[in-house]
Amino acid sequence: MLKSDLELFSKNGIKIPNYLIVKPNEKFKLFNAKKYVVKALGKKLIHKSDMGAVKVNVDKENVEIEMRKLRNRLGKNVESFLIQEMADKGTEVIIGAKRDNQFGDVVLFGLGGIHVELYKDVSLRLCPITLNDAYEMIDETKAAVIMKGFRGSVHNDKKMVALLITKVCQIMNKNPDIKEIDLNPVILYSKSYSAVDVRVIR
Ligand code: ADP
Ligand code: MG
């Protein structure tokens with residue numbers, strides 16, 4: 001994950017948490033937040049949590065300690081650190097897009113996090129899509145049930161999510177150098193969201 005990738009999303013109006021990228025041993029001044037997430041970044045650290053490269057719920061005074069621990073454990077694989085503001089709990093969904101040689105750009109939506117691998121409950125469409133197509137994509141998945149408010153989960157604004165799906169198609173269309181986009185997870189709240197993990201393959 002590069003700074004330019006994070007900027008691509010914030011520039012396109014996609015909300016990402018406050019962040020700072022620092023090199024190992026670089027001096028830095030941390031922004032204020034209640035809690036932080038520290039992630040080790042590097043070409044070999046693709047599935048970060050599988051590699052133990054994500055530490056959530058970190059207090060300010062422990063950020064540097066966690067960075068050092070990650071460095072000790074992962075060594076040279078750590079090219080930089082991403083320090084993010086810790087986002088609140090919510091419904092985790094995935095929004096992704098890929099170029100298909102035969103069909104064109106394909107956009108994907110579904111429940112995020114571990115649910116992606118577990119249920120393979122995702123919907124796909126060819127870009128460009130209308131807002132209505134995006135509503136349909138949401139309705140085709142279990143995410144729709146959870147977004148309506150399921151067992152204590154809060155109601156998530158469907159239009160907000162649908163707009164986000166259409167926006168991912170637009171970003172693919174505007175940036176021919178991008179091969180793949182993965183927002184996983186986007187954490188949904190009732191009237192807002194936070195794209196806490198973004199991946200771009202160019
Ligand atoms: P990866 O997908 O490479 O393993 P992520 O950046 O997606 O790494 O982090 C793994 C998990 O940690 C996410 O699915 C999410 O549940 C949680 N997480 C990551 N970043 C944040 C954040 N800024 N705030 C809250 N939770 C986060
Ligand atoms: Mg992720």
Side-chain angles (χ1 to χ4, degrees), residues 1-10 14-22 28 30-60 62-64 66-67 69-71 73-75 77-98 107-122 141-143 146-147 150 152-154 156 161 164-165 168 171 178-202:
M1 191 187 313
L2 300 165
K3 197 167 165 49
S4 56
D5 293 340
L6 291 161
E7 279 165 358
L8 169 78
F9 293 105
S10 48
I14 291 182
K15 287 182 226 159
I16 60 172
N18 259 343
Y19 72 94
L20 188 68
I21 295 179
V22 290
F28 62 92
L30 199 52
F31 55 87
N32 280 323
K34 256 194 290 183
K35 291 274 186 178
Y36 300 85
V37 177
V38 182
K39 302 181 185 182
L41 306 180
K43 280 184 279 298
K44 298 218 171 106
L45 303 171
I46 297 171
H47 298 291
K48 296 180 290 299
S49 35
D50 292 349
M51 307 278 293
V54 177
K55 184 75 192 164
V56 298
N57 214 22
V58 180
D59 288 317
K60 192 168 197 172
N62 291 330
V63 166
E64 288 190 61
E66 292 301 338
M67 289 166 74
K69 279 193 200 161
L70 286 169
R71 189 83 200 286
R73 188 143 38 78
L74 301 165
N77 289 333
V78 183
E79 291 163 30
S80 60
F81 292 99
L82 173 65
I83 307 165
Q84 287 180 316
E85 177 162 16
M86 171 101 186
D88 291 334
K89 291 218 176 338
T91 309
E92 296 198 2
V93 297
I94 177 174
I95 302 174
K98 237 183 210 173
V107 65
L108 170 150
F109 171 80
L111 279 178
I114 52 160
H115 298 102
V116 185
E117 283 96 51
L118 205 58
Y119 301 125
K120 306 229 182 308
D121 176 39
V122 295
T141 69
K142 303 258 184 335
I146 294 174
M147 283 169 59
F150 174 71
S153 73
V154 289
N156 299 122
V161 180
L164 198 53
I165 301 172
V168 168
I171 294 175
I178 296 178
K179 293 197 182 88
E180 199 174 323
I181 290 175
D182 252 306
L183 307 178
N184 184 24
V186 177
I187 305 182
L188 304 179
Y189 311 111
S190 70
K191 297 255 173 270
S192 89
Y193 68 86
S194 184
V196 303
D197 185 25
V198 304
R199 200 160 71 97
V200 179
I201 299 177
R202 288 174 200 269

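In what follows, every heavy atom counts, from backbone to side chain, and hydrogens, waters and symmetry copies are set aside. Atoms within a ligand are numbered from 1 in the order they appear, just like the ligands themselves.
With values rounded to the nearest 0.5 angstrom, Ser194 atom OG is found 6.0 Å from Ile187 atom CD1.
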Could you go through Val200 and Phe9, starting from their C-alpha distance and side-chain angles, then the distance that decides it, and tell me whether this counts as side-chain contact (heavy atoms from CB on, under 4.5 Å)?
CA-CA 10 Å; Val200 179; Phe9 293 105; 3.5 Å; yes

Give the intermediate values and the outcome of side-chain contact (heavy atoms from CB on, under 4.5 Å) for residues Val78 and Met67.
CA-CA 10 Å; Val78 183; Met67 289 166 74; over 6 Å; no

Worked check of side-chain contact (heavy atoms from CB on, under 4.5 Å) between Leu6 and Ile21:
CA-CA 10 Å; Leu6 291 161; Ile21 295 179; 3.8 Å; yes

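Residue contact annotation: Asn184 places an N/O/S atom under 2.8 Å from the Mg ion (ligand 2). Residue contacts to the Mg ion (ligand 2): Asp182 brings no N, O or S atom closer than 2.8 Å.
Of all the listed residues (Ile187, Ile46, Val54), Ile187 holds the heavy atom that lies closest to atom 26 (N) of ligand 1. When the heavy atoms of Lys39, Glu85, Lys55 are ranked by distance to atom 20 (N) of ligand 1, first place goes to Lys39. In this structure, of Pro185, Ser49, Pro17, Gly52, the residue bringing a heavy atom nearest to atom 10 (C) of ligand 1 is Ser49.
Within a 6.0 Å sphere centred on NZ of Lys98, other residues, nucleotides and ligands contribute 12 heavy atoms or fewer.
Taking every heavy atom of Met86 and a limit of under 4.0 angstrom, the matching atoms of ligand 1 come to 24 (N). Within ligand 1, the atoms closer than 4.0 Å to a non-hydrogen atom of Val37 are 20 (N), 21 (C), 22 (C), 23 (N), 24 (N), numbered from 1 in the order shown. Atoms of ligand 1 lying under 4.0 Å from at least one heavy atom of Asp197, given by number and element, are 1 (P), 2 (O), 3 (O), 5 (P), 6 (O), 7 (O), 8 (O). For ligand 1, the atoms closer than 4.0 angstrom to any heavy atom of Asn184 are 7 (O).
Contact analysis leaves Met51 out of contact with ligand 1, as no non-hydrogen atom separation drops below 4.0 angstrom.
By the criterion of a heavy-atom distance under 4.0 Å, both the backbone and the side chain of Lys48 are placed next to ligand 1. Here His47 has backbone heavy atoms under 4.0 Å from ligand 1, and that is the only part of it that gets that close.
With respect to the Mg ion (ligand 2), Asp197 has OD2 as its nearest N, O or S atom.
Side chain of Lys35 to backbone of Val58: no donor-acceptor contact under 3.5 angstrom is found. Proximity of a side-chain donor or acceptor of Tyr189 to a complementary backbone N or O of Gly90 within less than 3.5 Å is not detected.
Counting heavy atoms from C-beta outward, Ile178 and Leu8 have side chains that approach closer than 4.5 Å.
Geometrically, Lys60 does not engage Tyr36 in a cation-pi contact, judged by NZ or CZ lying under 6.0 Å from the ring centre and within 45° of the ring axis.
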